[in-house]
Number of protein chains: 2
Amino acid sequence: MKDSKEQILKTSLLLFLQKGFKEVTMKEIVKNSGFSKGAFYHYFSSKEEVFKEVIEVYFSKMLHLDYETLPSDSLKSFYEANLDIQHKRDSILRSWYQETFEGDFPNNLYYILFDALRLLPEIREQQHRRIHEELKAWEKVIKKAMANEEIKTTLSSENLAKQFVYSSDGIAMHMVISSSSDELFKEVKNIWDSLYQSLKP
Amino acid sequence: MKDSKEQILKTSLLLFLQKGFKEVTMKEIVKNSGFSKGAFYHYFSSKEEVFKEVIEVYFSKMLHLDYETLPSDSLKSFYEANLDIQHKRDSILRSWYQETFEGDFPNNLYYILFDALRLLPEIREQQHRRIHEELKAWEKVIKKAMANEEIKTTLSSENLAKQFVYSSDGIAMHMVISSSSDELFKEVKNIWDSLYQSLKP
DNA sequence: ATAAACATACCGAACAGTCGGTTTTATAAA
DNA sequence: TTTATAAAACCGACTGTTCGGTATGTTTAT
């Protein structure tokens with residue numbers, strides 16, 4: 001992509017993460033990306049459009065995870081690799097942010113997701129599918145782990161998968177409120193580890 | 001409270017739930033509550049203030065739950081009573097909504113919470129405490145349930161409490177995306193029941 | 001008669017978007 | 001290598017509209 005356009009897109013992403021669609025003004029986008037109104041409207045036709053592209057180019061990819069590439073030989077290596085990827089992505093986003101702005105990273109990915117759900121109806125179905133695939137991937141690995149007796153439980157593989165997935169999202173929500181997301185991955189690992197321990201045969 | 005003021009407050013709550021603080025205009029508040037600008041500014045000094053009161057009067061109470069009043073003799077009765085209360089509150093909110101507007105209820109309590117966290121700094125500490133108390137209440141009941149051998153697990157009471165609390169919040173998040181919150185309580189019950197079953201001695 | 005409760009016309013600021021222009025870059029003929 | 005030309009990149013003053021909020025009333029209840 002053209003450098004300038006990418007610069008505008010990236011700045012917009014970070015601003016939208018900070019404050020949501022409506023709260024970000026064209027003036028801010030233009031100023032922080034280091035261009036003018038003219039430059040902006042040379043690349044984008046409207047504020048809505050830059051938001052749409054931000055979601056398509058950056059945000060959707062941030063949430064997407066290709067589960068095929070994760071190790072599935074054991075449940076433990078699966079969830080550890082999962083956490084690792086999320087953590088790395090988080091670091092990239094943070095360093096982008098610190099290059100552009102000063103101050104603390106706005107610890108709320110959900111806010112921009114909610115804006116996307118409201119402004120871009122097609123996002124809902126897409127996210128719905130994403131969650132479905134996530135659960136299916138967990139279920140598959142869990143079934144396998146049950147079969148090789150890595151774990152033992154009375155829970156169905158479906159419910160155990162939900163237990164893992166839901167708990168991490170719940171933690172993320174709580175961290176938004178506490179605004180301490182450096183702790184996020186530590187806490188998810190803690191919960192997943194302890195859940196895993198309780199499943200030992 | 002004065003009927004008119006309450007009417008304005010209630011309408012504001014429902015609008016803020018629908019679209020967030022910035023997206024709601026004074027025109028909408030005034031029109032949908034059935035009054036005029038003059039009436040509004042007779043009761044409130046600004047848009048920020050009505051938001052603040054909405055959070056104080058309605059929203060904070062919606063999230064607060066007095067755990068002392070829940071049955072603590074068994075973990076099962078505790079979580080069932082918990083779900084019951086949440087479900088009842090949800091019904092009230094929905095019927096309010098349908099009295100005021102047509103169409104589907106905006107299935108996203110988090111959106112207004114995020115606005116509150118941004119606009120009213122004191123809310124953060126308050127919510128932080130709320131979550132802490134919630135976890136402590138669960139922990140207490142779980143410890144008791146472990147003592148009378150209602151349940152048996154290798155998990156610590158702290159981690160098991162987190163398992164219950166986080167999973168329900170994670171489900172709520174997923175329901176925001178699927179926008180099918182009639183399923184919310186069913187799914188929470190399902191997960192809590194299955195978790196509970198796996199804890200049977 | 002007085003004050004509270006409401007209504008409405010109006011205000012300046014801020015907003016997203018436009019428009020006429022200049023500068024930079026790419027291409028290619030001389 | 002220089003010059004000519006067209007297109008892409010970029011600028012910022014300006015515009016119409018909408019915003020939250022105000023000023024000035026009128027109606028209603030006591």
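Order of the sequence lines fixes the chain letters, A, B, ..., with proteins taken first and strands second; residue numbering starts at 1 for each chain.
Across all their heavy atoms, Met146(B) and Leu155(B) have their closest contact at CE-O, 3.4 Å.
In this structure, the CD atom of Glu49(A) is 12 Å from the P atom of dT18(C), given to the nearest Å. The interatomic distance linking Glu23(A) (CD) with dA14(C) (P) rounds to 16 Å, in whole Å. Per the geometry, CG belonging to Leu15(B) stands 13 Å off P belonging to dC19(D), to the nearest Å. As a whole-Å value, the separation of Met26(B) CE from dA14(C) C1' is 17 Å. Taking atom CD1 of Ile8(A) as the reference point, atom C1' of dC11(D) lies 13 Å away to the nearest angstrom. Spacing between atom NZ of Lys5(B) and atom P of dA5(C) amounts to 11 Å, rounded to whole angstrom units. Between Phe40(B) atom CZ and dC19(D) atom P there is a gap of 15 Å when expressed in whole angstrom units. We find that NZ of Lys31(A) is positioned 13 Å from P of dC15(C), with the value rounded to whole Å.
Residue-level contact check: Val24(B) touches the backbone only, with heavy atoms under 4.0 Å from sugar-phosphate atoms and none from bases. When heavy atoms are screened at a 4.0 angstrom cut-off, Val50(A) is found touching no nucleic acid atom at all. Tyr41(B) comes within 4.0 angstrom of a base, heavy atoms only. Tyr43(A) comes within contact range of the sugar-phosphate backbone alone, with a heavy-atom separation under 4.0 Å but no base atom that close.
With distances taken from any side-chain atom of Thr25(A) to the nucleotides dC19(D), dA16(C), dG21(D), the minimum falls on dA16(C). Nearest to the side chain of Ser36(A), among dG12(D), dC15(C), dG21(D), sits dG12(D). Nearest nucleotide to the Lys47(B) side chain, out of dG21(D), dA16(C), dC11(D): dG21(D).
The only member of Lys19(A), Glu23(A), Gln18(A) that meets side-chain contact (heavy atoms from CB on, under 4.5 Å) when paired with Tyr111(A) is Glu23(A).
Each of Lys22(B) and Ser4(B) was assigned the nucleotide of DNA chain C with the nearest heavy atom; the assignment lying further toward the 5' end belongs to Ser4(B). Nearer the 5' end of DNA chain D, as judged by each residue's closest nucleotide, is the contact made by Phe35(A), out of Phe21(B) and Phe35(A).
The base of dG21(D) sits with one of its N or O atoms less than 3.5 Å from a complementary donor or acceptor on the side chain of Lys37(B).
At dA5(C), one or more side-chain N or O atoms of His42(B) fall inside 4.0 Å of OP1 or OP2 (strictly under the cut-off).
Using a cut-off of 4.0 Å between Lys/Arg side-chain N and Asp/Glu carboxylate O, Lys162(B) and Glu158(B) are scored as salt-bridged. Ion pairing between a basic and an acidic side chain is recognised when a charged N comes within 4.0 Å of a carboxylate O; Arg130(B) and Glu133(B) show no such pairing. The pair Glu53(B)-Lys5(B) meets the salt-bridge criterion, with a side-chain N (NZ, NE, NH1 or NH2) lying under 4.0 Å from an Asp/Glu carboxylate O.
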